Participant: 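Quick one: this structure, given as structure tokens, is what I'll be asking you about.
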Amino acid sequence: MEKIKTVVTKFWVMLVLLIPVAGYADIVVVVNPNNPIDQLQEDDIKRIFLGRVGAFPKTGQPMKVLDQTRDSEAYKKFYEDVIGFQIRHLKRYRAAHIFSGRGVVPEISGKNSEVKTKVLSDIHAIGYLDADYVDESLKVVFSHQ
Amino acid sequence: MKIIDFLYLSKLLKTFLQLKLLALGFLVFISSTPSFAVNVSGFASIVTGKSNNEVASPGLYGKSWSMRTDTRLGLQIQAPINDVLSITGQAVARGYSYDQYDDYEPAIDLFFLSYQLTPDIRIRAGRLRTPLFAISEYIPVGYAYPWVNPPKEVYNPIFQGLSSADSVDVSYTRQAWGGDVIFGLQAGVIEDYHLGTYIKSDPSVGVHFTYNRFPLKLLYRLNTTKVTQRFSAVETLLIPGYQAYEAALAPPVSQLFSQVIDAHRTEDEWLIYHSLALQYQQQDWKYDAEINQVFAPSEGTGQDVLSAYVSVSKFIKSVEYYALFGYQKLTLTDALQDAINNTYAAIPAGVDAMLDQLRANSLSLYPALNLQSKSLSFGLRWDVLDNVALKYQATYTKDYEDAAQTAGIPVDILVNRFSVDMVF
């Protein structure tokens with residue numbers, strides 16, 4: 001009986017320890033590993049993906065912003081949770097932004113795996129991914145928890 | 001009942017092909033540059049509407065359904081030349097535009113070079129839209145706002161033309177007060193015809209300030225411009241008459257007529273535009289408000305303008321319902337009236353019937369140019385596809401009686417409009 005109690009206790013302890021792990025970053029922003037940028041703040045991410053800056057903050061390096069297709073889960077999660085825009089407002093914002101000649105909108109590059117491939121092949125690229133797609137080949141510059 | 005005009009649909013198709021040809025030419029032009037990506041995009045607003053009144057004024061709806069007044073198509077190409085330099089061109093074809101670009105003839109609204117000096121500073125030079133008011137820079141893009149058209153009290157003069165200038169602008173973005181602040185400077189020149197009026201703004205200099213902290217957006221625009229304005233009807237029907245008196249009479253009376261001639265024109269006078277706008281979103285509610293004031297010079301035929309609108313929207317699923325209230329008051333300065341009154345001291349009424357008629361005609365400009373109107377609109381926008389919205393808007397406008405009747409516009413107008421707005 002004591003043994004069962006110990007096992008149950010251990011199970012609960014492990015479960016409690018696992019909870020923060022399960023809630024860890026679900027969306028990450030990544031750049032090419034050769035990009036000198038190491039970290040970006042949430043405000044930087046908003047400005048980049050809303051087209052309010054035309055180059056990488058701090059370094060001034062050229063920047064190619066990659067977007068996911070509208071049907072991807074990461075797209076909705078990224079814009080609503082990280083950028084703080086409802087999708088219906090985002091579409092109008094982008095129409096106004098592009099046709100006022102104030103800037104370009106991100107290049108639609110596919111879903112997680114396609115964005116990952118493009119970031120790996122282009123030093124100027126920046127994109128967002130579901131955290132599950134991240135490995136050591138990419139440089140994570142922002143995590144959203 | 002003919003809601004859709006098929007003749008105009010065929011013209012739209014022809015225009016679309018013209019726009020594609022323009023785009024092709026542009027692509028050939030930029031193909032000589034070492035570009036690595038070209039963005040081709042476009043927008044269209046196909047609008048049909050009718051009024052409960054037949055109107056004499058051009059650009060307004062009559063009793064029959066018309067697709068001409070508000071329909072427009074646009075095509076844009078953006079191409080990077082290198083890492084920091086890019087070129088953008090945008091052509092817009094409008095059904096009605098008050099100037100030489102009538103009947104879906106494409107006009108170049110944007111054509112500029114953009115240089116990214118630093119991550120936060122961008123310089124643009126070429127043909128740009130003048131950011132006089134909150135949505136001036138994307139005014140033809142119906143998809144970008146809830147209404148069928150931007151509120152006419154504020155935007156009508158620039159909606160149909162006169163919105164672009166050959167100019168240079170610099171914008172600087174920085175983080176402040178928990179959000180993004182964009183400062184901008186623009187200087188340029190506009191020369192165009194608008195409803196038979198020659199208008200030249202040289203120079204036009206403006207500063208703009210935008211504060212973005214989602215869900216709040218605040219905008220302030222200040223623009224000052226040196227204006228020359230001549231009404232063609234005044235130039236042909238009134239000015240020659242006064243010139244005859246000026247030539248026939250000796251000073252100092254002839255000088256009074258010189259002053260009357262000058263008072264019919266605006267020559268190199270400074271106009272000042274102020275615009276303050278607020279946009280706020282809270283869950284399913286959206287609020288837009290803007291107030292504008294234009295200070296005209298005390299000389300000539302300049303008009304002081306006060307205009308404003310308030311719009312409240314409620315989203316229910318993919319449909320946005322809105323109410324919009326607009327107001328405008330245009331006041332002609334006293335310069336012309338004073339100049340004509342001075343001539344009565346030299347040549348009193350009843351002495352010369354022809355002159356009396358001439359003076360009466362000039363003074364009749366006052367009720368025509370002192371306009372005041374209010375409008376109330378209700379409408380909805382339904383986003384049926386990712387890039388397509390259907391809209392309906394009913395607008396009731398009440399123009400103050402004297403001014404409206406003199407200008408040939410009915411006092412009360414109810415306009416119903418349907419539109420399809422898309423971006424691609």
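Keep in mind the model is a prediction, meaning the values are calculated, not measured. Lettering of chains follows the sequences in order, A, B, ..., and the numbering in each one begins at 1.
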Participant: Most heavy-atom pairs under 4.5 angstrom with chain B, which of Ala96(A), Gly84(A), Pro57(A)?
Facilitator: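 The answer is Ala96(A).
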Participant: Please find the pair of heavy atoms, one from Val141(B) and one from Phe99(A), that lie closest to each other, and give the distance.
Facilitator: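 That closest heavy-atom pairing would be CG2-CB, 3.5 Å.
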Participant: For a quick test of reading the model, state the closest non-hydrogen atom pair linking Arg102(A) to Asp169(B) and the distance between them.
Facilitator: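 Nearest heavy atoms, Arg102(A) then Asp169(B): NH2-OD2, 3.2 Å.
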Participant: What's the spacing between Ile83(A) CD1 and Phe214(B) CZ if we round to 0.5 Å?
Facilitator: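 One gets 11.0 Å once the value is rounded to the nearest 0.5 Å.
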Participant: Return the minimal non-hydrogen interatomic distance between Asp83(B) and His124(A), and the atom names on each side.
Facilitator: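 Result for this residue pair: OD2-NE2, 4.5 Å.
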Participant: If we ignore hydrogens and angles and just use 3.5 Å, is the side chain of Glu137(B) paired with the main-chain N or O of Gly101(A) as donor and acceptor?
Facilitator: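 Looks like no, no N/O pair under 3.5 Å.
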Participant: Between Arg381(B) and chain A, which part of the residue has a heavy atom less than 4.5 Å away: side chain, backbone, both or neither?
Facilitator: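 Looking at Arg381(B), just its side chain touches chain A.
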Participant: Closer than 3.5 angstrom, by distance alone: can the side chain of Arg52(A) be matched with the main-chain N or O of Val181(B) as a donor-acceptor pair?
Facilitator: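 Side chain of Arg52(A) to backbone of Val181(B), a donor-acceptor pair under 3.5 Å: no, none is there.
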Participant: Is any side-chain heavy atom of Val423(B) closer than 4.5 Å to one of Arg94(A)?
Facilitator: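 No, their side chains stay 4.5 Å or more apart.
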Participant: What part of Phe85(A) gets within 4.5 angstrom of chain B, counting heavy atoms only: side chain, backbone, both, or neither?
Facilitator: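 For Phe85(A), heavy atoms of backbone and side chain both lie under 4.5 Å from chain B.
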Participant: Take atom NZ in Lys76(A); do more than 12 heavy atoms of anything else shown fall under 6.0 Å from it?
Facilitator: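 No.
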Participant: Kindly indicate, with the supporting measurements, whether the criterion side-chain contact (heavy atoms from CB on, under 4.5 Å) is fulfilled by Arg47(A) and Asp180(B).
Facilitator: CA-CA 8 Å; Arg47(A) 296 168 81 203; Asp180(B) 281 338; 3.1 Å; yes
Participant: Using every non-hydrogen atom in the two residues, find where Ala144(B) and Ala95(A) come nearest and quote the distance to one decimal.
Facilitator: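 Minimum heavy-atom separation between Ala144(B) and Ala95(A): CB-CB, 4.2 Å.
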Participant: Given a strict heavy-atom distance threshold of 4.5 Å, which part of Tyr143(B) is in contact with chain A: side chain, backbone, both, or neither?
Facilitator: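 Both the backbone and the side chain of Tyr143(B) come within 4.5 Å of chain A.
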Participant: To check you understand the geometry: which heavy-atom pair defines the closest contact between Arg92(A) and Tyr145(B), and what is its length?
Facilitator: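 Between these two residues, the closest heavy atoms are NH1-C, 4.4 Å.
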Participant: Relative to chain A, which segment of Pro215(B) carries a heavy atom at a distance below 4.5 Å: side chain, backbone, both, or neither?
Facilitator: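 The answer is neither part of Pro215(B).
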Participant: Give, as side chain, backbone, both or neither, the part of Gln283(B) having an atom under 4.5 angstrom from any heavy atom of chain A.
Facilitator: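 Backbone only.
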Participant: Work out which heavy atom in Gly60(A) is nearest to a heavy atom in Pro119(B); give both atom names and the distance.
Facilitator: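 Smallest interatomic distance, heavy atoms only, reads CA-CG, 3.5 Å.
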Participant: May I ask you to check whether over 12 heavy atoms, not counting those of Glu80(A), lie within 6.0 Å of atom CD?
Facilitator: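 Count over threshold, so yes.
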Participant: Would you mind checking which part of His97(A) comes under 4.5 Å of any heavy atom in chain B, side chain (CB onward), backbone (N, CA, C, O), both or neither?
Facilitator: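 It is neither, since no heavy atom gets under 4.5 Å.
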Participant: Look at Lys286(B), Gln90(B), Gln281(B) and state which one has the largest set of heavy-atom pairs under 4.5 Å with chain A.
Facilitator: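 Most heavy-atom pairs within the cutoff with chain A belong to Gln281(B).
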Participant: Hey, could you give me the OG/CG distance between Ser100(A) and Leu110(B), rounded to the nearest 0.5 Å?
Facilitator: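 Between Ser100(A) OG and Leu110(B) CG, I get 8.0 Å after rounding to 0.5 Å.
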Participant: Check the pair Asp383(B), Arg88(A) against salt bridge (Lys or Arg N to Asp or Glu O under 4.0 Å), reporting the backbone distance first and the verdict last.
Facilitator: CA-CA 9 Å; Asp383(B) 285 78; Arg88(A) 63 183 171 216; over 6 Å; no
Participant: I need the Asp386(B) CG to Arg70(A) CZ distance, nearest 0.5 Å.
Facilitator: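 One gets 4.5 Å once the value is rounded to the nearest 0.5 Å.
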Participant: If you count heavy-atom pairs within less than 4.5 Å of chain A, which of Asn212(B), Asp120(B), Asn39(B), Asp109(B) leads?
Facilitator: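 Between Asn212(B), Asp120(B), Asn39(B), Asp109(B), the count favours Asn212(B).
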Participant: How long is the span from the CD atom in Gln78(B) to the CD1 atom in Ile98(A), to the nearest 0.5 Å?
Facilitator: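 So the gap between those two atoms works out to 5.0 Å.
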Participant: Please state whether the side chain, the backbone, both or neither of Asp284(B) comes within less than 4.5 Å of a heavy atom of chain A.
Facilitator: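 For Asp284(B), heavy atoms of backbone and side chain both lie under 4.5 Å from chain A.
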Participant: Which residue out of His89(A), Glu107(A), Gln86(A) racks up the most heavy-atom pairs below 4.5 Å with chain B?
Facilitator: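 Counting heavy-atom pairs under 4.5 Å, the top option is His89(A).
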